[in-house]
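Contents: one structure, followed by commentary.
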2 protein chains.
Amino acid sequence: MNDLKDTILSFISINNVDIDFGLQFFKEESFKKGTFLLKPNEYIDTFYFISNGCVSYYTIEDGKTQVMELFTEGYFFTDLYAYIEEIPSNAYLEVLEDLKVYAISKEDQQKIFDYSHEFERFGRLSMQRAFVNNFRRINELRSLSNQERYLQLLEKRPDLFQRVPQYLIASYLGLTPVGLSKIRKRLSQV
Amino acid sequence: MNDLKDTILSFISINNVDIDFGLQFFKEESFKKGTFLLKPNEYIDTFYFISNGCVSYYTIEDGKTQVMELFTEGYFFTDLYAYIEEIPSNAYLEVLEDLKVYAISKEDQQKIFDYSHEFERFGRLSMQRAFVNNFRRINELRSLSNQERYLQLLEKRPDLFQRVPQYLIASYLGLTPVGLSKIRKRLSQV
DNA sequence: ATTTCTCATTAAACTAGTTTAATAAGTGGT
DNA sequence: ACCACTTATTAAACTAGTTTAATGAGAAAT
């Protein structure tokens with residue numbers, strides 16, 4: 001649980017007693033590859049921190065898989081939209097690689113936010129982080145071509161290409177496997 | 001300033017003394033159409049609430065204007081990315097219609113977050129709101145066609161079409177004026 | 001009234017993706 | 001060792017957008 005503790009401490013200054021009070025609410029859980037942490041029409045009230053493994057966050061629309069995010073070690077994740085709005089999800093959270101997480105319920109999260117102003121601040125700052133990540137994502141979708149986004153992903157998260165099938169990466173980049181293949185071919189010819 | 005007060009109260013429960021403590025840090029300001037609240041390479045440490053008017057938040061890349069958001073009455077706005085990260089912006093905030101805002105500096109915002117746990121919570125919740133809006137945006141960019149996004153904007157923010165030139169709306173939708181014209185023509189022929 | 005400027009539309013050629021379908025190359029289960 | 005299944009590539013036809021450039025129409029300036 002030290003990876004989680006260190007991550008929280010990178011956001012806020014908080015004394016040992018208080019952070020340990022908070023950490024007690026995170027439960028260690030493990031899931032096998034292929035497990036679904038969430039399926040469409042289900043509610044989600046759990047917030048996860050990944051200690052180990054990989055999770056795909058995707059929807060299926062008109063029969064087509066749309067990967068929105070691929071979470072790996074060190075990420076906090078949930079279906080943040082359904083979680084915040086307390087509405088049924090329309091997404092899947094599927095374990096792509098055997099997974100070890102620290103999980104906290106929304107109820108317990110509220111407890112630690114109430115318990116300490118510092119944790120409330122952690123909530124605000126991690127929400128900021130989520131915003132910034134999403135903002136970068138949206139800007140990249142707007143301003144970069146598919147080819148540029150492919151190259152950028154290759155640079156920023158090279159591990160993904162080793163651990164995740166290419167058609168999921170294609171979907172994450174917003175194109176079809178065929179489209180990604182074409183881009184790769186085009187790049188290899190130069 | 002009641003519109004701002006009501007908006008804050010829609011996020012949190014807070015007594016009158018405390019909210020008035022917070023509100024004193026918001027300064028009323030007015031700007032004429034054509035004013036720039038922010039230009040590329042400038043820092044921004046102000047958070048605005050729009051009482052009246054309209055602001056375009058855009059970048060220019062390779063000579064092309066990219067409208068990221070169009071803010072109107074009741075919106076909180078800033079260049080949230082540059083504001084959070086405390087880096088020089090690469091965007092413009094341009095007043096499209098004479099504007100009345102309530103503005104608070106980052107320093108003063110920090111004061112009210114320190115002053116009261118409830119304001120810290122307001123910070124967290126409004127950050128959540130920003131996240132959710134951005135999330136919706138990203139999902140729409142991913143899952144809807146340009147035509148569908150046009151129709152949706154027409155439904156959700158019909159006022160924009162009255163107050164903002166069409167080429168800005170085209171840019172907001174991520175296409176060229178020519179492209180938007182084609183979509184409108186296609187729709188009018190059915 | 002005339003000119004000038006801004007904005008929206010249209011046309012034509014082009015482009016980066018799509019879809020569908022066939023093929024090839026691994027990979028896993030029995 | 002074999003078969004079935006999954007994944008990646010390629011080809012061919014198609015599509016929704018792009019760019020550039022010309023035209024039209026309304027508003028603002030002199």
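Predicted, not measured: the structure shown is a model, and the values here were computed from it. Values reported hereafter were calculated over all heavy atoms of this structure, with side chains retained and with hydrogens, waters and symmetry mates removed.
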On DNA chain C, does the nearest nucleotide to Gln166(B) precede the nearest nucleotide to Gly174(A) from the 5' side, or the other way round? Give the residue.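 Of the two residues, Gln166(B) wins.
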Please pick, from [options], the nucleotide with the shortest atom-to-atom distance to any side-chain atom of [X].
X: Pro165(A); options: dC7(C), dA8(D), dA11(D); value: dA8(D)
X: Leu175(B); options: dT18(D), dA11(D), dA8(C); value: dT18(D)
X: Ile183(B); options: dA8(D), dT10(C), dG17(D); value: dG17(D)

Is a salt bridge present between Glu29(B) and Lys100(B), judged by a nitrogen-to-oxygen distance below 4.0 Å?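 Between Lys100(B) and Glu29(B) there is no salt bridge, as every charged N stays at least 4.0 Å from the carboxylate O atoms.
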Lys/Arg-Asp/Glu bridge criterion (N-O < 4.0 Å) met for Arg163(B), Glu73(B):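 Yes, charged N to carboxylate O under 4.0 Å.
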Establish, with yes or no, whether the OP1 or OP2 oxygen of [N] is under 4.0 angstrom from a side-chain nitrogen or oxygen of [X].
X: Arg184(A); N: dT9(D); value: yes
X: Arg186(B); N: dG17(D); value: yes
X: Lys185(A); N: dG17(C); value: no
X: Asn146(A); N: dG17(C); value: yes
X: Thr176(A); N: dT18(C); value: yes

Given 3.5 Å as the limit, does a donor-acceptor pair link the side chain of Tyr43(B) with the main chain of Glu86(B), or not?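 Here the side-chain-to-backbone pair does not exist.
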Is a donor on one side and an acceptor on the other found under 3.5 Å between the side chain of Ser89(B) and the backbone of Ala82(B)?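 Looks like no, no N/O pair under 3.5 Å.
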Check the distance between [N]'s [atom2] and [X]'s [atom1] and give it to me in whole angstrom.
X: Phe161(B); N: dC7(C); atom1: CZ; atom2: C1'; answer: 16 Å
X: Tyr150(A); N: dA16(C); atom1: OH; atom2: C1'; answer: 17 Å
X: Leu96(B); N: dT6(C); atom1: CG; atom2: P; answer: 16 Å
X: Leu173(B); N: dG17(D); atom1: CG; atom2: P; answer: 11 Å

If you take atom types as modelled and just measure distance, does the side chain of Lys182(A) reach the base of dT18(C) with a donor-acceptor pair under 3.5 Å?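 Yes.
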